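Proteins come first, then strands; the chains are lettered A, B, ... in the order of their sequence lines, and each starts at number 1. Keep in mind it's a predicted model, so treat the numbers as computed, not measured.
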2 protein chains.
Amino acid sequence: MKLDEMDLLVRVAETGSMTLAARQLNLTPAAVSAAVKRVEETVGVRLFERTTRTVHPTEEGLRVIEGCQEVVARWQRTLEAVRGASQSLAGTIHISAPADTTYQILEPVIARLSQQHPELQVVVHSSDALHQLHREAIDMAIRYGPMPDSTLSARRLAICPGVLVASPAYLERSGRPSQPGELAKHRCITLRLASVPVTTWALQSAAGARTVPLQSPLCGDGYLARRWALAGQGIALKSLFDVIDDLESGRLERVLPAYTTSPMAIHAVFPSRRFLPARVRALDAAITAEFNDRLARCERWYG
Amino acid sequence: MKLDEMDLLVRVAETGSMTLAARQLNLTPAAVSAAVKRVEETVGVRLFERTTRTVHPTEEGLRVIEGCQEVVARWQRTLEAVRGASQSLAGTIHISAPADTTYQILEPVIARLSQQHPELQVVVHSSDALHQLHREAIDMAIRYGPMPDSTLSARRLAICPGVLVASPAYLERSGRPSQPGELAKHRCITLRLASVPVTTWALQSAAGARTVPLQSPLCGDGYLARRWALAGQGIALKSLFDVIDDLESGRLERVLPAYTTSPMAIHAVFPSRRFLPARVRALDAAITAEFNDRLARCERWYG
DNA sequence: ATGCTTTACGTCTAGCGTAATGATT
DNA sequence: AATCATTACGCTAGACGTAAAGCAT
């Protein structure tokens, strides 16, 4: 029995698909299928119940896969302990994050880390889709909003309300709305999340909740929305977390400051494999530090 | 990296020899040498410092070997958990014990266990030599006397003084010695331990210690000594543990009952590998139960 | 001189990709 | 129709044994 085969089992179980596991491991589906069959024969029990569309671990399969996870993790730890003498990090990290987070927050963090560790390669996947996590072998992802419980493990980085923002120039030109109803008269910049345009904003204030329907001339990802807002194109709804820099510097102003959306969590998401390589732990630490700093500024500004 | 290779590393470290490890694994020394070299290359560190006579783990080697031990043990546990559904034990156990222990104590225990589990095969190595533990791949051994600290792990089964015994017939015929000095006039049955004849008995009593020099007409292993004593051939020095049956039944009598040797421990000895297969655990349990029972009888008789 | 590790070499099998097949949505 | 798992087949590389060489005790 090989450790690679154990890793393979774990990935098949995680992705629920031999093809995806194959893609992660740079193998063909045929090889993965054969490997699963091979292991099942040597172990002597059926590990996955499978149709051509789904792959489900069996009762015993779960036990075996858990064992595989721990075994692989234990081995990786010893390897790291033994050759980790050279304190420099090496290898490739695949990280996925929403566009705005990538360009605004991650970019400097990653640049710094990359400079400290020249042998490190960071591949950035700018995406909102969680399922991409398994499609490519993503090591770490950052996601806004509630976490669907799945085979992923997540740690909360921050929790922050959404706020309406616009540039001072735009507000000078178009006026400051004093209540949500007036938003209909403004250029509102909306998001397209997972290819689906967002058509309403759910605002709340001390006075109560209010859902505002929108038709928006500008619709894009979160990064575009912020850039457009900065360029005076209109009013955007962004997580406070994303615009704290702009608010602090005065490049953006809050609109209807009595209103926010309900707080939304930001998570660091990892594949459920037990062991994170040192390079991923380092990136995680750097990102977490950055988020904590930023979160503190949000709370200071907001509170 | 294969689990078999990890097991191989563990065995090389345990035995301190590639050839012995090869013998345990049914491989050639060439294959073991190649495997070690292979692993060293994939891990990237030298695991063993070796001359042609010795194989010593390096600093990193120790870490890696420990990792291998745990990994292999973890995997064996999952395997056992998964296919252990069939509660019957199967496979082969190699057990090593002194002759008398084998014939008198182990024989019925093993017979019983073998009957309960028809697929079980027990290979008994009647031997006193600890180093045999690594020569053959012994799963469990029973040893009298102090444990040299080594790569073996041991658990104490009992601790018992040695006593002088002879058959009533012999004592009727030759008379009962009343003090150690009189032993010189008797036929004393001695042991040959590790091919070295024992020429003195170190006795002690409330009055003090006394070392008696011997020249003995009969010299053999512990089983022979007991049989000769039973046959009225003379006086033997045996662990109380070995002769409790004979003393209880009156087939043997204690000689110089005020005198014993200092208590000697009896250990169950295992190779230091982390995980004992269920079959070995079962045998261990059965033997331990037998020893506990016997030890209780010793204490009752002695106290 | 014995017994160990190492190297060289020939052999064989395990494990991969390619490509075709079968099944499911 | 598209996508996934499976099977068949040819190929390559890894792992073993044999045999010989090199060292240490």
For [X] and [N], what is the distance between atoms [atom1] and [atom2] respectively, to the nearest whole Å?
X     : N      : atom1 : atom2 : answer
B:L20 : C:dT5  : CG    : C1'   : 13 Å
B:L47 : C:dT5  : CG    : P     : 15 Å
A:D4  : D:dG14 : CG    : P     : 13 Å
A:L8  : D:dA5  : CG    : P     : 12 Å
B:E49 : C:dT5  : CD    : C1'   : 13 Å

Next item on the list: Keeping the roles fixed (side chain from B:R50, backbone from B:F48), state whether a donor-acceptor pair exists under 3.5 Å.
Entry: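 Yes; judged by distance alone, with no hydrogens or angles, the pair exists.
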
When you measure from the side chain of [X], which nucleotide among [options] comes out closest?
X     : options                : result
A:A31 : D:dC16, C:dT5, C:dC16  : C:dC16
B:L27 : D:dG17, D:dA5, C:dT24  : D:dG17
A:T28 : C:dT24, C:dG17, D:dG17 : C:dG17

Mind checking if [X] touches a base, just sugar-phosphate, or nothing, with heavy atoms under 4.0 Å?
X     : value
B:T54 : nothing
A:N26 : sugar-phosphate
A:V55 : sugar-phosphate

Notebook entry, point to check: Are OP1 or OP2 of D:dT6 and a side-chain N or O of A:R50 less than 4.0 angstrom apart?
Noted result: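 Yes, such a contact exists.
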
Checklist line | 5' precedence on DNA chain D between A:R53 and A:S33 (nearest-nucleotide basis) | finding: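 Final value for this comparison: A:R53.
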
Item checked: Nearest-nucleotide comparison on DNA chain C, the residue closer to the 5′ end among B:R23 and B:A30 ->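 That would be B:R23.
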
Notebook entry, point to check: Mapping B:S17 and A:K2 to their closest nucleotides on DNA chain C, which lands nearer the 5' end?
Noted result: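 That would be B:S17.
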
Next item on the list: Run the numbers on A:D139 and A:R279 for salt bridge (charged side-chain N to carboxylate O under 4.0 Å, His left out), then give the verdict.
Entry: CA-CA 10 Å; A:D139 297 298; A:R279 56 181 179 278; 5.6 Å; no

